[in-house]
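For reference, the structure is listed below as structure tokens.
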Amino acid sequence: MDRIDTPTATALVTTSRTVERLVQGQATSDGAGVKLVRVLTQDLQRRLDPFLMLDAFGTENPGDYIGGFPDHPHRGFETVTYMLQGRMRHRDSAGNEGLLVPGSVQWMTAGRGVIHSEMPEQQEGAMEGFQLWLNLPGKTKMQPPGYRDIPSGEIPEWHAEGVTARVIAGATHGVAGAVQREDTEPLYLDLHLAPGARFEQPLPATHNAFAYVYRGSLSVAGAEVRRGRMAILANPRPDFRIGGTGGAGADGVVLEAGAEGARAVLIAGRPLREPIAQYGPFVMNTQQEIIQAVEDFRAGRLA
Ligand code: FE2
């Protein structure tokens, strides 16, 4: 029987997920006036469960970042900071300290609570990177805080012609990433694609997934995703409506770089399907737990 080649027919992924929605982030500021783009906003937390937030920062103007993020608390989730350019110093109430440099990752588990600062360690030059918030299940929200600096050289990479995949979490093409998490099975890849290069990633059907393009452009199942856009990838589901947009049968995603090539993060994870109660830097399951978090912070019990 003749094989029919379609743009989405590949060895690992038979049918690519489609783009359900393109999102342009919201320009905002946080900390002491750091300008950033909030790509994954609060209204998308349920859709992109277990991810709570993605901020992209990128500027060559020190006035946009010099204030940094002075002491502030977190409880109930994990923060993952990935630096592309620039240097940031982290200090926290658990006694951890680390310097984020280009290509490195800081993975902080806030757990029951931590107070930390993230301050630029430079007066000039470019600062660029991402901060992703990954939720914790209710059963581990109150675990002791944890912290890990992952130097650039310790982030595993997978290479193919025209493709570099830096594997921050999860696994791709048999390469296990720097971090694994049992409950949410996060996949976090930083992809560098040469012009026209193609990258495929199998994805479990129930996992929520998105790609954010920060250089060049990508196409996903025929949809163009330009720089500065997040593509929410449709989950496959049994879809008996003809022409349904559920991406029925998709077993992964195929990304193809445009003429300028592309750099993008591809992020996916298993949803927790638990209630999400957020008040600023606290993310719990119930309002009562949020009130408790605020009381604990005010009473100095997070330090
Ligand atoms: Fe923080």
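One-based numbering, in listed order, for ligands and for the atoms of each.
- Partner of Gln42 under the side-chain contact (heavy atoms from CB on, under 4.5 Å) criterion, out of Arg38, Gln45, Arg46: Gln45 alone.
- Remark: side-chain polar atoms of Glu289 are not paired, donor with acceptor, to backbone N or O of Met284 under 3.5 angstrom.
- A side-chain contact (heavy atoms from CB on, under 4.5 Å) with Leu100 holds for exactly one of Gln106, Glu118, Glu121; it is Gln106.
- Around the Fe ion (ligand 1), the protein contributes the following N, O or S atoms at distances under 2.8 Å: His72 NE2, His74 NE2, His116 NE2.
- In summary, the side chains of Gln201 and Thr172 do present a donor paired with an acceptor at a separation below 3.5 Å, with no hydrogens or angles considered.
- Using the six-membered ring where Trp is involved, Phe130 and Tyr82 have ring planes that are parallel, under 30° apart on the 30 and 60° scheme.
- Listed by first then second residue, pairs satisfying ring pair (Phe, Tyr, Trp, His ring centres under 6.0 Å) with a partner in residues 263-298 number zero, not counting sequence neighbours.
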